[in-house]
Amino acid sequence: MNYFQNRVEGKEGLCNQLMAVFRTLTEAFHSGGRNEPSCILLADGQTRRSVDSEQEPYFLPLPIDAFIDVPQLEKVLATKHVSLRRVQDLQAEQVQPVLCSRFAIRSMTQEESRDTGVWIATSFPFAAKPLKLAQWIIDKMSFYPAWSALQLRIEGDMLHFPEVSSIGLDAYAIQQVDLASECMARIPGLKAVYVATGAQGDKFKTVSNELTKHFPQLEVKNKAAMLRLSPELWQEFEDLSLEEQALVDWLVCVGAPYFLGPHVTSFSYLAGYIRHYRGFEPEATQLWPAYQNAWESWFPRV
């Protein structure tokens, strides 16, 4: 039996963790294609302690069930002749799994990349709670004839990057809004934008004001504005960890009629990857520079 285990390292957030799980699927399917029995060992994930990562440790453990409907994943993997077990259930057994992160382990053919991408995009079962909230937001946003989701990666932890700290977070946020606006101008009849970001309060208001400077009639929404329309759903959202809340945003970005985001973030790239294999037209997904070649190498959109 070949074992493949997802691995979480360092300051890896939601989408890097999802990429690690997707890598285990890729390798398990490859093993099965060679008629070698394979098993995925599912390890738990982690979640940020705060939006701006002000205090170490920045992350705390989080059950993988926060991201994945594990029983359903076990069922759909069985159709591919891949078994699924949890890491903690094998403590008494001596196995040496292949540890899988977002990084590529081997070269893949275009056909293999495409087939795996389609399977992940159409068959992978995400956790029910974030999925329900994301679908509710998408349904409400669909009131607008043309709307787009937009990731703005402008949380306080961006100051850990020298290129951001050198100009300051406010200047960086305005820079990102300007880049996003160039993409938004290409969407015909755009009426509203859903901003996927952890930025809150005055930070989000600043971004909203900048967007409406470019598009005066634009409705700017975020998860708080939408979910507070339903006090019950807002409480459900508030009870989630930060990474689960990010999953709500990410699933909205995956399902929106248009999506815009920075190519350099795993959040935006992975949303674009899923959208590609769900059949969205190329112009419905715009990722702005700087171009991050690694994502295309590790999870190519064939």
Side-chain angles (χ1 to χ4, degrees), residues 13 48 50-54 133-134 136-161 163-231 233-234 237-238 242 245-246 248-265 267-268 271-272 284-290:
R48 288 174 177 82
S50 66
V51 170
D52 295 327
S53 297
E54 304 112 327
L133 294 173
W136 191 89
I137 291 170
I138 290 172
D139 289 345
K140 292 298 181 184
M141 288 296 299
S142 297
F143 164 81
Y144 300 100
W147 68 278
S148 176
L150 161 67
Q151 188 210 8
L152 287 177
R153 183 69 171 90
I154 54 171
E155 295 80 7
D157 63 338
M158 289 299 291
L159 290 171
H160 292 294
F161 296 93
E163 61 270 28
V164 178
S165 62
S166 65
I167 63 172
L169 192 59
D170 290 344
Y172 179 75
I174 292 172
Q175 181 187 91
Q176 292 300 295
V177 169
D178 289 343
L179 289 168
S181 296
E182 293 177 14
C183 296
M184 292 165 64
R186 303 186 193 114
I187 300 176
L190 184 66
K191 300 297 183 184
V193 62
Y194 175 90
V195 182
T197 179
Q200 305 170 38
D202 289 342
K203 288 182 181 178
F204 180 76
K205 187 176 181 181
T206 297
V207 165
S208 179
N209 290 340
E210 286 296 321
L211 284 168
T212 53
K213 284 180 184 178
H214 290 273
F215 305 95
Q217 305 305 316
L218 188 71
E219 293 281 346
V220 181
K221 303 294 185 181
N222 65 357
K223 46 188 172 271
M226 299 306 296
L227 290 172
R228 280 179 174 148
L229 297 173
S230 168
L233 292 182
W234 176 245
F237 178 81
E238 287 274 83
L242 288 178
Q245 293 179 5
V248 174
D249 265 348
W250 186 78
L251 289 168
V252 172
C253 293
V254 167
Y258 295 91
F259 171 61
L260 318 169
H263 195 290
V264 73
T265 70
F267 184 107
S268 284
T285 302
Q286 298 183 56
L287 304 180
W288 62 75

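- With hydrogens and angles disregarded, a donor-acceptor distance shorter than 3.5 Å links the side chain of E155 to the backbone of G198.
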Discussion item. Does V177 form a side-chain contact (heavy atoms from CB on, under 4.5 Å) with K213? I'd like the steps, not just the answer.
Written reply: CA-CA 10 Å; V177 169; K213 284 180 184 178; over 6 Å; no

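- At a threshold of 4.5 Å between non-hydrogen side-chain atoms, the residues L211 and V193 count as touching.
- In this structure, A271 and W250 approach most closely via the heavy-atom pair N-NE1, 3.4 Å.
- Contact annotation: the side chain of S166 never approaches that of Y172 to less than 4.5 Å [non-hydrogen atoms, C-beta and beyond].
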request  = For L190 and S148, run side-chain contact (heavy atoms from CB on, under 4.5 Å): C-alpha distance rounded to whole Å, both residues' side-chain angles, the deciding distance at 0.1 Å, then the answer.
outcome  = CA-CA 8 Å; L190 184 66; S148 176; 4.0 Å; yes

Exercise. When you look at I154 and K203, which way does the side-chain contact (heavy atoms from CB on, under 4.5 Å) test go after all the steps?
Worked result: CA-CA 9 Å; I154 54 171; K203 288 182 181 178; 5.9 Å; no

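- Put simply, the side chain of N222 does not reach to within 4.5 Å of the side chain of T197, judged on heavy atoms.
- Closest approach of L260 and C183 over heavy atoms only: CD2-CB, 3.9 Å.
- One finds the CG atom of L179 at 12.5 Å from the CG atom of L287 (value rounded to the nearest 0.5 Å).
- Using a 4.5 Å heavy-atom threshold, the side chains of V220 and F204 count as touching.
- Between S268 atom OG and Q286 atom CD the span is 12.0 Å, to the nearest 0.5 Å.
- Taking 4.5 Å as the limit, every side-chain heavy atom of E219 sits out of range of all side-chain heavy atoms of F143.
- Contact annotation: the side chain of R153 never approaches that of V264 to less than 4.5 Å [non-hydrogen atoms, C-beta and beyond].
- Using modelled atom types, no side-chain atom of K223 and backbone atom of Y194 make a donor-acceptor pair closer than 3.5 Å.
- Formation of a donor-acceptor pair under 3.5 Å by the T285 side chain with backbone atoms of G272 is not found in this model.
- Here the shortest heavy-atom pairing between P257 and A284 reads O-CB, 3.5 Å.
- One distance of note links CD1 of I138 with CE of M226; it measures 10.5 Å at 0.5 Å rounding.
- By the 6.0 Å contact criterion, CD on Q217 is open, its count of non-hydrogen atoms from other residues, nucleotides or ligands being 12 or less.
- Separating the CD1 atom in I187 from the CH2 atom in W147 is a distance of 10.5 Å, to the nearest 0.5 Å.
- Taking each heavy atom of L227 and W234 in turn, the nearest pair found is O-CB, 3.5 Å.
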Evaluate side-chain contact (heavy atoms from CB on, under 4.5 Å) for L229 paired with W136, printing each intermediate quantity in order. CA-CA 11 Å; L229 297 173; W136 191 89; 3.8 Å; yes

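- One finds the CD atom of Q151 at 6.0 Å from the CZ atom of F259 (value rounded to the nearest 0.5 Å).
- Between the side chain of Q245 and the backbone N or O of F237, at least one donor-acceptor pair lies under 3.5 Å.
- Contact of the M141 side chain with the V252 side chain is not registered, since no non-hydrogen atoms from C-beta on lie closer than 4.5 Å.
- With no hydrogens or angles considered, a side-chain donor-acceptor pair links W288 and Q176 at under 3.5 Å.
- Listed by chain and number, the residues in a side-chain contact (heavy atoms from CB on, under 4.5 Å) with D139 are Q135 (sequence neighbours excluded).
- Annotation for S181 and F215: closest pair O-CZ, 3.5 Å, computed over non-hydrogen atoms.
- Listed here is the closest heavy atom pair of A134 and L251: CB-CB, 3.5 Å.
- In this structure, L150 CG and D249 CG are separated by 10.5 Å, a value rounded to the nearest 0.5 Å.
- Crowding of N209 atom CG: a count of heavy atoms from other residues, nucleotides or ligands under 6.0 Å exceeding 12.
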